[in-house]
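Each residue takes its place number in the sequence, starting with 1. Counting convention: from 1, in listed order, for ligands and their atoms alike.
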Amino acid sequence: MLNSIKVALGLLAFASSITNVAAAADVIADFTGAKWIWTPASNAGNYPVGNATFRRDYYPPAGKTPLSANILITTDNAYTLFVNGQKVGTGNDFNQAQRYCVPLVPSCNVFAIEGQNAATVPNPAGALAAIQVRYTDGFTETIVTDSDWHGVTGVPAGFQQVAFDDSNWPAAFDQGPWPTTAPWSNTIAIPPTTSDPGPNLKAATWIWSTQGANANAAIGFVSFRKVVTLPAGQFADTITMDIVADNGYTLYINGLEVGSGTNFNFAQRYQVNFTPSNVVTIAVVGANTGGPAALLASGAISGCTCGCGANAFVSTDSTWKDIAGVPAGFIAPGFDDSAWSAAIVQGPYGMAPWGNVALPTSNTAQNGPIDGAPSAPPASVVA
Ligand SMILES: *[C@@H]1O[C@H](CO)[C@@H](O)[C@H](O)[C@H]1NC(C)=O
């Protein structure tokens with residue numbers, strides 16, 4: 001089919017399906033609305049052993065710009081999933097669905113499934129997917145496996161490419177909806193909607209620049225840095241960070257000032273937005289006014305730029321770097337901390353003398369540094 005005609009049909013399809021456009025919710029919950037599909041040649045529900053291929057060209061409605069897709073998928077017996085020609089993932093146990101989140105392009109996006117019917121004699125085969133497309137305006141729309149997909153027996157070369165012409169492929173054969181269609185009725189395990197545990201101070205360790213700081217440490221400042229580099233091509237724009245220090249701290253993200261605290265019985269939580277970046281620079285000034293001293297922090301870094309959830313977690317441990325004092329300019333991204341020492345772990349959350357520090361139950365607003373810590377422009381902190 002000519003692309004111009006596809007666009008026109010896409011717009012027509014939108015006119016009748018506009019009610020599917022919903023306010024952004026969490027990741028798609030289950031396969032509601034999805035149909036088990038395979039090729040048209042059904043033989044009482046049994047299909048020949050071998051592979052079949054399915055495609056869905058998705059044109060966004062007028063005025064909508066796709067950002068990402070949350071995909072829930074399973075196939076009896078196995079699948080390889082492609083989005084816009086790129087291999088996304090595989091599965092080979094139809095009782096266990098998988099989730100994926102992938103960035104989309106602003107125009108047409110192509111979802112393709114290479115399905116495999118295993119065993120030695122004809123038997124049931126089906127592909128099942130629900131795909132939640134997130135638009136730049138925060139709204140979502142869900143597309144599902146159904147007879148809007150095209151399917152053929154075999155594996156045509158280049159089937160997964162956007163430019164591949166599937167106009168002579170028949171509509172995929174709709175065998176019935178999840179979860180009531182036999183033989184797959186209600187047996188599919190669906191992964192939890194989120195695997196993002198958020199910040200977890202209980203998984204962090206208390207750190208300082210000297211051994212035995214849990215008993216006693218020099219009065220004064222210790223500066224800490226932790227640089228998180230995301231995998232190539234990934235960008236983050238938010239960090240949610242829980243932090244507490246004995247006796248006080250000031251937190252900086254990417255060179256901007258986030259906030260401070262001076263009570264080691266209570267941790268604070270900051271949700272900080274920043275310009276999308278592949279590298280996140282965390283800097284902390286810790287202050288000891290006497291006796292024990294240590295810093296405890298845990299953060300979840302996420303890349304909302306494509307709507308695909310958390311990218312990385314970070315907690316205080318020996319991979320943080322530290323140095324006594326407050327070196328000029330140390331909060332800046334790109335500062336050379338190669339001569340700094342590895343932080344010394346004092347012990348886990350719950351250890352004496354701090355015990356079970358109260359975990360945050362709400363966000364803390366941006367606030368100024370403790371005395372002796374550098375001033376910097378304020379970070380964008382969500383209260
Ligand atoms: C058949 O499909 C499975 C699952 O996608 C795949 O692993 C396998 O390579 C495919 N076989 C051929 C010949 O394409």
Option set N51, T80, T90, criterion heavy-atom distance to atom 5 (O) of ligand 1, minimum:
T80
When you measure from atom 9 (O) of ligand 1 to every protein heavy atom, which one gives the shortest distance, and what is it?
E114 OE1, 4.3 Å
Are side-chain N/O atoms of N84 and N109 paired as donor and acceptor at under 3.5 Å?
yes
Less than 6.0 Å separating the ring centroids of F173 and W149?
no
One finds that the ligand 1 atoms under 4.0 Å from a non-hydrogen atom of V155 are 14 (O)
Distance only, no hydrogens: is a donor on one side chain within 3.5 Å (strictly under) of an acceptor on the other, for N247 and T289?
yes
Do W178 and W184 have ring centroids that are under 6.0 Å from one another?
no
